[in-house]
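Residue numbers run from 1 in the order of the sequence given.
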Amino acid sequence: YQHVEDLRWADRREKALLELSRKREAVADLAPVLWHSFGTVVSLIQEIVRVYPLLSPPPTLSQPTANRVCNSLALMQCVASHPETRPLFLRAHIPLLLYPFLNTVSKDRPFEHLR
């Protein structure tokens, strides 16, 4: 679970996001670990909210940034789909943070990757 701890540190977050996203289906208890680990959900939310300004016209979302936020979204999806963490996720109103991604109209590859 070193990667979960690494999410709290900005300089290690990108690699941790990638590794955890790759392993999300292989690690059965990843969602509860993510949810209950100090600062982890906040780090994922920071990654998501950080790209909001890049979604506005003119679109300036780069592929590396899109990959990073997609990994964050994949981990959020992991939390949202787990039976133990789903009710907590919904009660925290985290899905509301995802609406800006649904409203993008750009057809550029990074935006398609996000949707």
Side-chain angles (χ1 to χ4, degrees):
Y1 295 110
Q2 180 63 47
H3 294 303
V4 173
E5 186 176 318
D6 287 347
L7 287 174
R8 290 185 285 173
W9 307 102
D11 61 325
R12 294 185 258 179
R13 190 174 299 155
E14 186 169 4
K15 182 179 180 195
L17 286 169
L18 179 61
E19 293 302 321
L20 288 168
S21 181
R22 285 181 180 163
K23 298 175 184 177
R24 72 186 182 274
E25 293 179 17
V27 180
D29 64 342
L30 181 59
V33 169
L34 289 170
W35 185 263
H36 296 293
S37 296
F38 177 78
T40 301
V41 173
V42 171
S43 296
L44 296 175
I45 290 171
Q46 285 174 341
E47 287 297 316
I48 292 167
V49 172
R50 184 172 72 90
V51 300
Y52 285 178
L54 305 176
L55 301 175
S56 299
T60 56
L61 185 65
S62 68
Q63 191 61 52
T65 302
N67 291 341
R68 188 170 168 143
V69 76
C70 282
N71 289 332
S72 299
L73 291 167
L75 294 175
M76 284 290 201
Q77 182 180 19
C78 175
V79 172
S81 63
H82 191 278
E84 179 185 329
T85 54
R86 180 183 306 122
L88 303 169
F89 182 85
L90 293 172
R91 260 185 266 140
H93 301 286
I94 293 174
L96 295 175
L97 299 171
L98 308 178
Y99 287 122
F101 297 108
L102 300 174
N103 290 329
T104 60
V105 293
S106 176
K107 301 294 184 205
D108 292 342
R109 189 169 187 268
F111 289 90
E112 290 298 323
H113 189 78
L114 273 179
R115 281 189 283 275

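Residues S81 and C78 come closest through the heavy atom pair OG-O, 3.3 Å. Closest approach of L98 to Y52, counting heavy atoms only: N-OH, 4.4 Å. Between H82 and P32, the closest heavy-atom pair is CE1-CG, 3.6 Å.
Considering only heavy atoms from C-beta on, H36 comes within 4.5 Å of E84 through its side chain. Inter-residue side-chain proximity for V41 and L34 is flagged as unmet; no heavy-atom pair is nearer than 4.5 Å. Side-chain contact between V33 and V27 is absent, with no heavy atoms from C-beta onward closer than 4.5 Å. With a 4.5 Å cut-off on side-chain heavy atoms, L18 and H3 do not count as touching. Taking the side chain as every heavy atom from C-beta outward, L17 and V69 never approach each other to under 4.5 Å. Counting heavy atoms from C-beta outward, V4 and L30 have side chains that approach closer than 4.5 Å.
In this structure, OH on Y1 lies 12.0 Å from OG1 on T40, to the nearest 0.5 angstrom. How far CD of Q46 is from CG of L44: 9.5 Å, rounded to the nearest 0.5 Å.
Of the candidates K15, R12, R13, R12 is the only one forming a side chain to side chain contact (heavy atoms under 4.5 Å, CB included) with D6.
Here the side chain of S72 pairs no donor or acceptor atom with the backbone of I48 at under 3.5 angstrom. For T65 (side chain) and L61 (main-chain N/O), no donor-acceptor pair under 3.5 Å exists by modelled atom type.
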Test side-chain contact (heavy atoms from CB on, under 4.5 Å) on E5 and R8; report intermediate values, then the result. CA-CA 6 Å; E5 186 176 318; R8 290 185 285 173; 3.0 Å; yes
For N67 and E14, run side-chain contact (heavy atoms from CB on, under 4.5 Å): C-alpha distance rounded to whole Å, both residues' side-chain angles, the deciding distance at 0.1 Å, then the answer. CA-CA 9 Å; N67 291 341; E14 186 169 4; over 6 Å; no
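Hydrophobic clustering (side-chain heavy atoms under 4.5 Å, transitive across Ile, Leu, Val, Met, Phe, Trp, Tyr) keeps L7 apart from V42.
Within a 6.0 Å sphere centred on CD of Q2, other residues, nucleotides and ligands contribute more than 12 heavy atoms. Counting heavy atoms of neighbouring residues, nucleotides and ligands inside a 6.0 Å radius, atom CD of E19 exceeds 12 of them.
A donor-acceptor contact under 3.5 angstrom links the side chains of R24 and S21, judged on distance only.
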